[in-house]
Peer 1: 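Below you'll find the structure I mean.
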Amino acid sequence: MIPAAVDAARAALADPAAVAARWRADHDGPVIAHLPYDVPAELILAAGALPVAVFPPGAEQAQAHLQGWICSPARRFLAAARQGELAWADGLVIPQICDTMRGLKGLWQFLQEPAFLESYNLPRISRASARPYFASELSRLRDRIQGFTGRTADDGRLRAAIALCNAVRERTALLFQRRVLGQISNLDYYTLVRASYVLPPEEMLALLGGMDVEDAAVSKPPAVPVVVSGQLMEPLAVAGLLDQCGLSVVGDDLVDGERAWRTVAEGGDPLAALAERTLNAPPCAVKNGPVTRETYLAALVAERGAQGVIFLHFRNCEMENLGYPGTRDHLERLGIPTLYLETQWGTAAAGAVVTRLEAFREMLEGC
Ligand code: SF4
C-alpha cells in the first residue's frame, strides 16, 4: 500500500500539469496555484477551483531578474514561471510573508501578467487585534477568488471544503504516527505530506486510505530521534539523507510537515475557524505563534523524546537568519544539541550533508 501511494505522490510532485489535466477532465473550474506556505486552500476549493502548491523540481534560478542575495525559493519560483513550468495554473496566490515575497509579486505581474495573481496578507503576530484584521483579509481573499472563478464560496461550500481537507489531515496525522513508530521512512512521509498540497483532496484520501497504524510491523532499524526546524523539507532529498544517516524525524515545524496536518474547527463560522487555525499555528520564521519559537521547539523535543534539533534553513533567508541565533542559544542553554544545515532550493550537497548528519548522530549517541 505505502510504496504504491509514494509512487503516486512522487508522480504528482514531478508532474503537477498532469494533476491539473486530470482535474480539468472532471471539473470545469480553474486550477489556482499558491506558493507553499500556510495558504487557506479551502477558500480556493470552495470557489470551485483546485488549489495546487508550487514545488518546482530542479534548481534553475532567475539569475537575470533577481539579485544574488535573494533566497533560492524566490529565484526558483520566478524561474519556473518564466520557463513556462507553471503553465498548468490558471491563477496564483502569493502569501506575503516577507519583503522578498512582496517584491516577487510585483515582478511576477510585470514579467508574466497572469490572469489572476493575488496577495495573501497573513498577520505576523497572533495578538487579539490580529483577529479582526485577519478575518477581513480572509474575506477579501474569498471575494477575489470568487470573482475569478465565478462561483460563490458561501459558508456551506466552505464548511464542506474544510471537512474534506480535515479528512486528509487526519489521515496524514496517522501517517505521522507510523513515521514515529519507524514504519515509514522520513523520505516517504515527507513525500506524501508534500503531495497533499498538490493532489485534489479526494485523490489524496484515496491514496492514504487503508494505511492504519496497526497494520504494519516495525521493520526499520532503530534510529536517533530528532526534531527538524525550518520552512520546508527542501530539497526533499534531505529526508532521504536523514534516513541514510540513522536519524528519525519525530517532530518538526515545517509547512510540508506537521503544519500540514493541523485541522480546522468545524461547525461554527468557517472564516473565523480558518483564521484561528493560522493564528494558533506553531511559530515559524514569518509568523509568531501562541508561544515563542524557541519555547515551542524545546517543548516539542521534550514531548517527543528527541535528542537534538536540526535547523534546515534556506541560504539568504532573511527571516530565518533573524531568529536563528536566539533560538539556537536558547536550546543549547537547555542542553539540547543543534545542527545548522543551509540549503538551496532543489540542491543538496549530499556528501557534505551526510558527513555532518553522521557526525551529529554520533555526537547524539554519545550524549
Ligand atoms: S526563504 Fe525566507 S526570504 Fe525567501 S521567500 Fe521564504 S521567508 Fe522569504
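Counting convention: from 1, in listed order, for ligands and their atoms alike. Here the structure is a predicted model, which means the values were calculated and not measured.
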Peer 1: Below 4.0 angstrom, N of the basic side chain to O of the carboxylate: do D90 and R24 qualify?
Peer 2: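 Salt bridge: yes.
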Peer 1: Go through the side-chain N and O atoms of N288 and R124 and say whether any donor and acceptor fall under 3.5 Å apart.
Peer 2: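 Per modelled atom types, N288 and R124 side chains form no pair under 3.5 Å.
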Peer 1: May I ask you to say whether D155 pairs ionically with R142, meaning some side-chain N is under 4.0 Å from a carboxylate O?
Peer 2: yes
Peer 1: Under 30°, 30 to 60°, or over 60°: which ring-plane class applies to F314 and W345, parallel, tilted or perpendicular?
Peer 2: parallel
Peer 1: Show the protein residues that qualify under the rule heavy atom under 4.0 Å from an atom of ligand 1, listing them in chain and number order.
Peer 2: Y37, C71, P73, I97, C98, T100, M101, Q231, V286, F314, C317, E318, M319
Peer 1: I'd like to know if D269 and R159 make a salt bridge, using a cut-off of under 4.0 Å between side-chain N and carboxylate O.
Peer 2: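 Salt bridge: no.
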Peer 1: Does the pair E332/R328 count as a salt bridge with the N-to-O cut at 4.0 Å?
Peer 2: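 A salt bridge is absent here (no side-chain N lies under 4.0 Å from a carboxylate O).
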